[in-house]
2 protein chains.
Amino acid sequence: MPTIQDVARRAHVSTATVSRVLSTPEVVSEATRERVMAAVEALGYEPNYAAKSLRTLRTAKIVVTVPDISNPFFSSVIRGAEEAAQGAGYSVLLGDTRHSTEREEQYAGMLRRKEADGLIFLGHRLPDTLAELIGRQGAKAPVVNGCEFSPDLGVSSAHIDNAAAATEAMDLLYGLGHRTIGVITGPLASPLSRDRLAGVWTAAARHGAEAGLRIATGDFSVESGEREAESLLAAAKEPTALFCFSDEMAMGALAAARQRGRRCPDDLSLVGFDDIRFARYLEPALTTVSQPMEDLGRTAVALLLDILRGGQDAPRSVTLPHRLVVRGSTGLARR
Amino acid sequence: MPTIQDVARRAHVSTATVSRVLSTPEVVSEATRERVMAAVEALGYEPNYAAKSLRTLRTAKIVVTVPDISNPFFSSVIRGAEEAAQGAGYSVLLGDTRHSTEREEQYAGMLRRKEADGLIFLGHRLPDTLAELIGRQGAKAPVVNGCEFSPDLGVSSAHIDNAAAATEAMDLLYGLGHRTIGVITGPLASPLSRDRLAGVWTAAARHGAEAGLRIATGDFSVESGEREAESLLAAAKEPTALFCFSDEMAMGALAAARQRGRRCPDDLSLVGFDDIRFARYLEPALTTVSQPMEDLGRTAVALLLDILRGGQDAPRSVTLPHRLVVRGSTGLARR
DNA sequence: TAGAGTGATGTAATCGATTTCATAAACGCG
DNA sequence: CGCGTTTATGAAATCGATTACATCACTCTA
């Protein structure tokens, strides 16, 4: 428990000098510097975080809120974010909101209490607290949206071109001869789900195949994928391909197809979204839209740090590249 | 940015009274209380976190360090930890150490700087910083090990009985007639890997089948599972079953088996460990030791909070129940 | 030589909250 | 009524760091 007073006493200097040696050593003479550092080391001194934060008005913390940390997509995004934050001298306060507005508001309150310098939310909903802050500060509000792009929110964001990615996935299926295609979306409250769905319609229109689309709404979970695939595959005009807006849902859909005796890709082609770590180890290996998840996290942090540095006058939107990865789950349409 | 001074001025009381209204309202008269609360609301006042933390010597933060947040086992543990922490008024600082000693030490430094009140590490390695702290404070050091049990570390821990779980998994395989069994362990620096391996040997001895064991060392990743399974399946005396110390490795092993034309469970039975969310959706659905991952996180947090409350005189070890979940990946031995 | 500029350091204020100690008023009991 | 106890509140200290402003010593230039 040594304080700066102990160091100053031991080194026969003032606390201001100790502070300077630690923060701006170039303004302190070498002899003094050495004396101070010897005292610091002898005492094992480290500045008290709260005292420093109170004086400097800086917490060196960012809050990252996420609907579910155990979702493999989000956990990878957070991995990238944590790395970028740490590299820049920031720590990540993790907020698993479990899709709860109340929890979202609680974590947003951290900005107000000066408990964190900035916040990244990995979801589509902007808590009221943050909306007010943005209303007041505009683009200077230290808030970034990760993975979603909602221009009306007035916040910076990092994301892929979800519409184009979905169009590509659908083009692949149409190119394989599929005409009746099931699409399992995420929740349509989410702009990224809506963008992907728009991309689906774009491709369908391009191929004159709108009538063959079968849309079902999932929630990105493996369970909803299974459930919605069951419904789609039970239909009178059964799809020969499924496009799921997450790999998790694709895994659930794959299980449902198997349950009905459908072979993938012979009877049913399957496309996922995300390219989570296990996608290539499935049987068959999953064709999927690959998102640079860790890069999304890193980019979100970079945007936030730029805001904190005063470098942004308007909300910025960074679109990262996606990639359609064709593996064994897609094949020629049979019928 | 109102301060407590603004509230006190507006309510015509001292700052001490404002503080009391917020922290110990029962010692303040109702009339005064109402006046203060009206001022608080009118001004939108919220106490400055750093000032409060500096005075109270409490951060209401715990650090959780994890080797890889995107590993589905760890992300689930962290989910439980975050929930328990939040419920108790604490926030989680996430430290993804990426298996780096240096990062582990950096996060451990948060305790020294009074940047966090306590720390949970989800790994087997105790950073020097923490070892020193424990050397000094013993069981009162606010440090908990999650998922591992190393009695010599002198820290409290939450874990399952890894040896018993492994024994059960092996018993299942022996019961199905398997005699040549491959085991893909985690890194043997880790006590949980060693415990599981001990359990493996216990079962092998019980069945007089030590000679039929084929041990390979993985690192819990899907890639190492694939790689080690390839080696094991390339052996002259090929195992009829594989027991992998994580579901991830089991998925890699499954892919390797398929690559070699082995059918699971007909040619090769497979047992994993963890029961991650996708285990049941694999083909075949994975037989695995189910760990209560979120409960592990919750329990670790409960242990830490107990330490912080001064409630522990000696390191405690909480063993949570595991369960062997038999699914389609295990079947009778063919040869 | 005198004055201006630079480098180095110290004193005291500052950040904003909580809590200790003191004091006054009210209450209850003998 | 007097005294002891309880309730309520305020002033000032405290938490531990940073930094603004002042001062001194030294150097350089006109």
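The sequence lines fix the lettering, A, B, ..., with proteins before strands; numbering per chain opens at 1.
Side chains of A:Glu148 and A:Ser190: a donor on one and an acceptor on the other come within 3.5 Å.
Rounded to an integer number of Å, the gap from A:Leu57 CG to D:dA17 P is 17 Å. Spacing between atom CD of B:Glu30 and atom C1' of D:dT7 amounts to 15 Å, rounded to whole angstrom units. When the P atom of D:dT9 is taken as reference, atom CD of B:Glu26 falls 13 Å away, rounded to whole Å. In this structure, CG of A:Leu43 is placed 12 Å from P of D:dA17, rounded to the nearest angstrom. In this structure, B:Arg9 places its CZ atom 16 Å from C1' of D:dG10, rounding to the nearest Å.
For the pair B:Pro47/B:Ile4, no side-chain contact is recorded, criterion being any heavy-atom separation below 4.5 Å from C-beta on. Counting only heavy atoms from C-beta outward, the side chains of B:Glu115 and A:Ser91 approach each other to under 4.5 Å.
Of all nucleotides in DNA chain C, those with any atom nearer than 4.0 Å to a heavy atom of chain B start and finish, going 5' to 3', at C:dG16 to C:dT20.
Ranked by how close their nearest DNA chain D nucleotide is to the 5' end, B:Ser29 and B:Leu54 are led by B:Ser29. Toward the 5' end of DNA chain C, the nearer of the two residues B:Arg55 and A:Ala31, judged by each one's closest nucleotide, is A:Ala31.
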Might you work through the side-chain contact (heavy atoms from CB on, under 4.5 Å) test for B:Ile78 and B:Ile69, ending with a clear yes or no?
-> CA-CA 8 Å; B:Ile78 282 186; B:Ile69 184 62; 3.5 Å; yes

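Of the side-chain N and O atoms in B:Thr32, one or more sit less than 4.0 angstrom from OP1 or OP2 of D:dT9.
As judged by a 4.0 angstrom heavy-atom cut-off over every strand, A:Ser19 is placed among the base-contacting residues.
Cation-pi geometry between B:Arg58 and B:Tyr90 is satisfied (NZ or CZ under 6.0 Å from the ring centre, within 45° of the ring normal).
Taking 4.0 Å as the cut-off between side-chain N and carboxylate O, A:Glu83 and B:Arg98 count as a salt-bridged pair.
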